[in-house]
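Single-structure report; data block below.
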Amino acid sequence: MYYREDEWKKNKIPADIATWEELAEVGAKLHEKTGQSLGMVSTGDNTSITNQFL
C-alpha cells in the first residue's frame, strides 16, 4: 500500500497498520477528530478495479 507519509505524520497515523480492520478503526478515529477520511484507489486491470467495489 502506498500512502502520503507527510499526511500520515501530520495526523499521527501509524505506518505499521497490520489489518484492514485496524485501518478502518484508524480511519474512523481520524474522521471523528478532523472530518477527513482515508481512501483507497485501485490500480491495475479491470478485475482489480471491480474487486475494490465488491
Side-chain angles (χ1 to χ4, degrees):
M1 180 167 78
Y2 296 96
Y3 62 96
R4 293 245 343 243
E5 186 175 347
D6 60 327
E7 289 293 323
W8 282 42
K9 282 183 179 180
K10 181 176 88 175
N11 289 295
K12 298 183 177 96
I13 300 171
D16 61 348
I17 296 172
T19 66
W20 293 117
E21 290 81 10
E22 188 177 347
L23 181 65
E25 290 172 10
V26 169
K29 289 177 185 175
L30 176 70
H31 185 39
E32 287 175 12
K33 181 179 169 185
T34 68
Q36 298 177 13
S37 297
L38 294 177
M40 294 177 46
V41 176
S42 286
T43 59
D45 63 23
N46 289 335
T47 305
S48 67
I49 294 169
T50 302
N51 286 335
Q52 172 186 353
F53 296 103
L54 296 176

Supply the atom-to-atom distance L38 CG to Y3 OH, rounded to the nearest 0.5 angstrom. 12.0 Å
I need the full list of salt bridge (Lys or Arg N to Asp or Glu O under 4.0 Å) pairs touching residues 8-30, with sequence neighbours left out, sorted by first then second residue. E5-K9, E7-K10
If you look at every heavy atom in K33 and N11, which pair is closest and at what distance? NZ-O, 4.5 Å
Under a 4.5 Å cut-off applied to non-hydrogen side-chain atoms, are L30 and W8 in contact? no
